[in-house]
Each structure stands twice: as C-alpha cells, then as structure tokens.
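By convention in this document, chain letters (A, B, ...) are assigned in the order of the sequence lines, proteins followed by strands, and residues within each chain are numbered from 1. This one's a predicted model, so the numbers in the text were calculated from it and none came from an experiment.
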Protein chains: 2
Amino acid sequence: MNPDATDRTILRLLQSNSQLTIKEIASRINLSITPVHDRIRKLEREGFIDRYVALLNRRKLGKSLIVFCNVTLDKQRKESFEEFNETVARLPEVLECSVVSGNFDYLLKVVADDVEGYNTFYQQNLSVLKSVLHISSFFVMSEVKSTTELPI
Amino acid sequence: MNPDATDRTILRLLQSNSQLTIKEIASRINLSITPVHDRIRKLEREGFIDRYVALLNRRKLGKSLIVFCNVTLDKQRKESFEEFNETVARLPEVLECSVVSGNFDYLLKVVADDVEGYNTFYQQNLSVLKSVLHISSFFVMSEVKSTTELPI
DNA sequence: GTTGAAACCGGTTGTCT
DNA sequence: AGACAACCGGTTTCAAC
C-alpha cells in the first residue's frame, strides 16, 4: 500500500521524465527489469501516478501571459459557488482555480496571449458572471520557477 | 516553423495523455503512422514540447496541503531579488514562484503535508531570509481545477 | 528479488508515390 | 507530405530459481 524507498525513487524519476525506459530506471536503481516493471504498474494501479502528460512550451504557442486573479463572490446568492466552479472548469484559459482562505474567495491562474487577450477573456468570461462581486488581476512579470514535481 | 491545425491536434492529444501510441493518434486524425511520427519529432525538436512527465497524486503521497503566499522583499537591498530567486529555486516544496504586478512582489505556490508541515517550512526556509520583508499565506481549502493543459 | 526466453507491439527508418 | 514495409528495441508475460 505505502510506497517504499525504491518506489519513491521510481516516482521521482518518472515525474522528472516519463520517457525513461524501464531498462534505464532499472540500471539506475540497481534492479532488474522485472521488479521495476511490476512496481510501476502497481503505482499506476493504486493511483500514485495520476497521468502521463506532455508539458508544452507556452511561449512557443503564443501564450506568453499568465495572470493570477483573486475573485470574491456574491455570497448572498447561495448558487454562486456552484455556478462559479462549473463555469471555471469549462474555461480552458483557467489552468488552476482554488478556494483559498483570507480576504477573497478564489485564486485563479489564467493564461492568455497578451494583455489584450486577457482583457477580452476577462470581459467576456469573468466579469459577466452574476456570481462575481469583485476581481483583482495580478500579471506575472517573471516566472522564477514552475514545476509539476512534488517533493518526495 | 508554426504548427498547423494537425500539429495542434497532436499537441492537444499529447498534453492530455502522453502515452497515446503514434498508432492511436494516427487513427484519430486519419493519418498514417509516418507523418504523425515525423510531426511529433519535429514538435519536440523545435521546442513546442518541453518535456514528458508523470503527474503524481499529491494526496496519495501525503502532500495534502497547498499554500499560496505573497512575499514582499526588502527593496533597499539590491541583492534581494537574486538571493530570493536562487533560494526559492532550490526549495522542492515551492512548485511555482512568480514575480507579479501589484502590492506584493512574489506569488509562491507551496506544497506541504499539513498545516504543521507548512509552518515548519515557513519558519525554516522563508521567514529566515534577510531579503524578505513580509509574507502572507493563503491556504487552499478546495482545488476546483488544476491542469497543465494549455488552450491551443 | 533474479535470470532467461519468447511473443508482441510500437518506434524507427528507408523507399515509394 | 503521406503511405507501405521491414527492422529493431522495449515491454510484457512466463517459467524457474
């Protein structure tokens, strides 16, 4: 059930590069192919690995801007949260959306081509929502670090 | 140089599931294996695909808490930014770090086991930095959406 | 957990249209 | 640029230790 040190090493390798062959992993951790193969399948089966994905290059694809925005909902309306969650889940520009503690309700991470593109998205998809009371946008000026690798 | 509609379809498929075989992709877009193979290699070579990774399940690995924190630096010290950037890049608990517009300087996304674990991380790694003037932490209470898939 | 073998399948390459 | 065919290498499953 719980991954041992060997399992965690395998997970660490795979979350850094999922194209490593079983052979390569096996040689790095001084095991033969069979147990490495079985461990990976087990980690997948048990849900330690959610999925395998390709990470694309934002800038190459014209998505040069990231904006974080704080959203406060109109809490008088009890449908607000459900409505907002469903809307946001459908918007492909929203990469992340979290309910957070503190002064506002949501923190969103949005990608856009540029400031103008973000403005269009904002006007057409966020500001029109009845459930939304207030939004503050923070533009990312420099991405110091961005990783999907968990510390394990 | 610029990906056409077919390339973008391939990218869309790969960023959703990088384990799709060339065969499967080919049949979905009504092409034979060869052009799909060549296009993927080209997209990799030209940097549209940054890397292939396994996305692990945070909760399964005991990393149940995500905290966003706003950090304001002591701008009197001109070494502050460099110092902070380098420190943060080395901290595995920090998944993302961005310089943002607005009232504070940085927005960090941090993972921890729990509130206590975050407190330890905070005390030992963030609050001790001379470059840091102020930090506000926002705990994620619910993750509505989290994806690595860009809208393309 | 290791080794070795065998079948299978996808990736890779060359050639042709 | 796409289709077809042949080869190579990794994956998968098995047996035996």
Side-chain angles (χ1 to χ4, degrees), chain A residues 1-63 92 113 147-152, chain B residues 1-63 147-152:
Chain A
M1 197 79 245
N2 264 323
D4 63 14
T6 304
D7 287 328
R8 288 201 301 275
T9 303
I10 293 174
L11 289 174
R12 226 176 287 123
L13 291 169
L14 288 177
Q15 73 172 339
S16 140
N17 178 8
S18 61
Q19 306 254 81
L20 286 174
T21 63
I22 294 181
K23 209 178 186 175
E24 285 166 336
I25 295 173
S27 83
R28 289 201 202 185
I29 62 183
N30 296 314
L31 273 177
S32 62
I33 292 176
T34 316
V36 174
H37 175 263
D38 293 348
R39 280 167 183 270
I40 293 175
R41 290 298 95 88
K42 183 164 154 286
L43 290 166
E44 291 170 352
R45 216 179 331 114
E46 294 186 357
F48 289 97
I49 297 174
D50 273 340
R51 58 202 313 203
Y52 295 95
V53 302
L55 299 182
L56 307 187
N57 187 306
R58 252 176 50 217
R59 293 165 193 287
K60 276 280 195 178
L61 294 163
K63 301 293 169 189
D113 288 2
T147 183
T148 57
E149 295 181 35
L150 300 176
I152 52 171
Chain B
M1 196 80 245
N2 264 323
D4 63 14
T6 305
D7 287 328
R8 287 201 300 276
T9 303
I10 293 174
L11 289 174
R12 225 175 290 124
L13 291 169
L14 287 176
Q15 73 172 340
S16 140
N17 177 8
S18 62
Q19 304 255 80
L20 285 174
T21 62
I22 295 182
K23 209 178 186 175
E24 286 166 335
I25 295 173
S27 83
R28 290 201 203 186
I29 61 183
N30 295 313
L31 273 176
S32 65
I33 292 176
T34 316
V36 174
H37 175 264
D38 293 348
R39 280 168 183 270
I40 293 175
R41 289 299 95 85
K42 183 166 154 285
L43 290 166
E44 290 170 351
R45 215 178 332 111
E46 295 186 358
F48 290 97
I49 297 174
D50 274 339
R51 58 202 312 202
Y52 294 94
V53 304
L55 299 181
L56 307 187
N57 188 305
R58 255 177 47 220
R59 292 164 193 287
K60 276 279 195 177
L61 294 162
K63 302 292 169 189
T147 182
T148 57
E149 296 181 35
L150 300 176
I152 53 171

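Counting only Watson-Crick and G-U wobble pairs whose two key distances fall under 3.5 Å, DNA chain D forms stems of three or more stacked pairs at C:1-10 with D:8-17, C:12-17 with D:1-6.
The side-chain hydrogen bond (donor to acceptor under 3.5 Å, both in side chains) analysis of residues 6-20 of chain B, with sequence neighbours excluded, yields the pairs B:Asp7-B:Arg39.
Between A:Ile40 and A:Ile25, the closest side-chain pair of non-hydrogen atoms falls below 4.5 Å. The shortest side-chain heavy-atom distance between B:Leu56 and A:Ile49 falls under the 4.5 Å cut-off. Looking at B:Arg28 and B:Leu20, their side chains come closer than 4.5 Å, going by heavy atoms from C-beta outward. Looking only at side-chain heavy atoms (C-beta outward), A:Leu43 and A:Leu14 stay at 4.5 Å or farther from each other.
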Subject >> Letter per nucleotide, 5' to 3', of nucleotides 2-17 of chain D [B base touched, S only sugar-phosphate touched, - untouched; heavy atoms, 4.0 Å] >> reply: SBB-----SSBS----

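One distance of note links CG of A:Leu31 with CD1 of A:Ile22; it measures 12.0 Å at 0.5 Å rounding.
Heavy atoms from other residues, nucleotides or ligands lying under 6.0 Å from NZ of B:Lys23 number 12 at most.
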